[in-house]
Protein chains: 2
Amino acid sequence: MRQTVFIFSGIAISILVVFELSKYSMFGSQGSRELFVFLFAIAFILIGIVLQRFLTKPPASETLEVNREEAIKKSGLSKQEFTVLTLMAEGLSNNEIANRLFIQESTVKSHVSNILMKLDAKRRTQAVKIGRDLQII
Amino acid sequence: MRQTVFIFSGIAISILVVFELSKYSMFGSQGSRELFVFLFAIAFILIGIVLQRFLTKPPASETLEVNREEAIKKSGLSKQEFTVLTLMAEGLSNNEIANRLFIQESTVKSHVSNILMKLDAKRRTQAVKIGRDLQII
DNA sequence: TCACACCTCCTACTTTCGTAGGAAAAATGG
DNA sequence: CCATTTTTCCTACGAAAGTAGGAGGTGTGA
């Protein structure tokens, strides 16, 4: 990818240089004006680069959100299970999750077991990892 | 890849066209010349924006690497401890980590305990979370 | 060379996690 | 309304994880 970019950049620049040189040989006095145009163009390219750098901040948040919703559905996790998964990812224990959600620890254990089954994980750490890989978390 | 080729081909052609036009318009009336300069500037700003978009794909990998190294040092984790942490983040059990590193599970437990102390975590899941927050993982 | 961090390993113990196998009340979708 | 899912909860057990405290070997910087 990057290689391609450089190659084509090089080609574009080469073409411009050849054009400039050809103009010099053809028009003579016209040359300084052409050179000015050339520098002018480069200046505005730089301006464009700077603009792009400042205007490009939020990169595709909607698409990610949509994918996340879909991924959650595909994973087969229910609402509460997903909630438990996110709290697991926060590093909470079953007990802490129970307190956070106002349910019993035994309930949390049930959810965790279901999560492990649905995500095909053996441990909660692995479930979190899989959740991350699925962009769910 | 193909997209990139087309885009850069387009850029090259655009540049040539604009240059060609510039030759003719240079000799036109004063008004159209100013209009041309305006469009010319905008065109090259757009070119700059596109260039920036394609050249800014690998965004600061070195800086991130440096920060990561620093963060690891700041966390106080040793080499092996860091290795164990990354394997924990992969969702591996102590036993699996031991097999992966060709050391005993008891050794892994020692490392894990040290990691938890150094990262001020109570569980391995929390250690992983903290490691992520510190851009270590 | 000596202190010190690091890596390795151990036992014994406590705690947390996860499984198995229920059960019953809500919620939800036809 | 009925079937299904979801959520809630339980006990009891086994499996990991984590703690405490020790110990020996290696390497490194002062």
Side-chain angles (χ1 to χ4, degrees), chain A residues 66 68-134 136-137, chain B residues 65 68-134 136-137:
Chain A
V66 171
R68 208 178 74 115
E69 299 288 321
E70 285 175 10
I72 293 173
K73 278 177 192 166
K74 260 188 292 183
S75 69
L77 293 182
S78 69
K79 249 186 229 173
Q80 193 77 327
E81 284 165 357
F82 174 68
T83 307
V84 170
L85 178 61
T86 60
L87 294 179
M88 284 200 299
E90 292 296 314
L92 301 188
S93 67
N94 288 340
N95 197 353
E96 288 168 339
I97 294 174
N99 292 140
R100 191 74 76 86
L101 300 181
F102 305 105
I103 59 180
Q104 297 301 307
E105 189 184 337
S106 58
T107 309
V108 176
K109 283 190 179 186
S110 296
H111 288 316
V112 171
S113 275
N114 289 331
I115 292 170
L116 296 185
M117 267 184 56
K118 291 182 179 179
L119 293 187
D120 194 32
K122 286 173 187 164
R123 282 161 291 283
R124 52 173 43 219
T125 47
Q126 199 182 353
V128 170
K129 201 255 180 177
I130 292 173
R132 283 195 175 284
D133 290 347
L134 297 176
I136 278 179
I137 302 172
Chain B
E65 279 304 309
R68 209 177 72 114
E69 298 288 320
E70 285 176 10
I72 292 173
K73 279 177 191 166
K74 260 188 293 183
S75 69
L77 293 182
S78 68
K79 248 185 231 175
Q80 192 76 328
E81 284 163 357
F82 172 68
T83 306
V84 170
L85 178 61
T86 59
L87 294 179
M88 284 199 300
E90 292 296 315
L92 301 189
S93 67
N94 288 340
N95 196 353
E96 287 168 341
I97 294 174
N99 292 140
R100 191 74 76 87
L101 300 181
F102 304 106
I103 58 180
Q104 296 302 306
E105 189 182 336
S106 59
T107 308
V108 176
K109 282 190 179 187
S110 296
H111 288 317
V112 171
S113 275
N114 289 331
I115 292 171
L116 297 185
M117 268 183 57
K118 291 183 178 179
L119 293 187
D120 195 32
K122 287 172 187 165
R123 282 162 292 282
R124 52 171 46 217
T125 46
Q126 199 181 353
V128 170
K129 201 253 180 180
I130 293 173
R132 283 194 175 283
D133 290 347
L134 297 176
I136 278 179
I137 302 171

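All chains are named by letter (A, B, ...) in the order of the sequence lines, taking the proteins before the strands, and each is independently numbered beginning at 1. Values in this document were obtained by computation on a predicted structure and should not be read as measured data.
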Subject >> Heavy-atom protein contacts under 4.0 Å, nucleotides 16-30 of chain C, coded B base, S sugar-phosphate only, - none >> reply: -BBB-----------
Original post:
Between B/Glu81 and B/Ser78, is any side-chain donor less than 3.5 angstrom from a side-chain acceptor?
Top reply: yes
Subject >> Rounded distance in Å - CD (B/Gln104) to P (C/dT11) >> reply: 10 Å
**OP:** Report the C-alpha separation of A/Arg123 and B/Glu96 in whole Å, then their side-chain angles, then the decisive distance to 0.1 Å, and conclude whether the salt bridge (charged side-chain N to carboxylate O under 4.0 Å, His left out) test is met.
**Re:** CA-CA 12 Å; A/Arg123 282 161 291 283; B/Glu96 287 168 341; 2.8 Å; yes
Original post:
Any side-chain N or O of B/Thr107 under 4.0 Å from OP1/OP2 of C/dC9?
Top reply: yes
**OP:** Write down the distance between NE2 (B/His111) and C1' (C/dC6), rounded to a whole number of angstrom.
**Re:** 9 Å
Subject >> First and last nucleotide of DNA chain D, 5' to 3', lying under 4.0 Å from heavy atoms of chain B >> reply: D/dA17 to D/dT19
Original post:
When you measure from the side chain of A/Ser113 to the backbone N and O of A/Ser110, does any donor-acceptor pair fall under 3.5 Å?
Top reply: no
Subject >> B/His111 and B/Ile97: CA distance, side-chain angles, deciding distance, side chain to side chain contact (heavy atoms under 4.5 Å, CB included) verdict >> reply: CA-CA 11 Å; B/His111 288 317; B/Ile97 294 174; over 6 Å; no
Subject >> Exercise: identify the closest heavy-atom pair between A/Ile130 and A/Ala121 >> reply: CD1-CB, 3.9 Å
Subject >> Euclidean distance, atom CE of residue B/Met117 to atom C1' of C/dC6 [Å, nearest integer] >> reply: 14 Å
**OP:** Starting from the C-alpha separation in whole Å, work towards a yes-or-no answer on side chain to side chain contact (heavy atoms under 4.5 Å, CB included) for A/Ile103 and A/Gln80.
**Re:** CA-CA 11 Å; A/Ile103 59 180; A/Gln80 193 77 327; 4.2 Å; yes
Subject >> Shortest non-hydrogen contact between B/Ser75 and B/Leu119, atoms and distance >> reply: CB-CD2, 4.0 Å
**OP:** Look at the side chain of A/Lys118 and the backbone N and O of A/Gly76, then say whether any donor-acceptor pair between them is shorter than 3.5 Å.
**Re:** yes
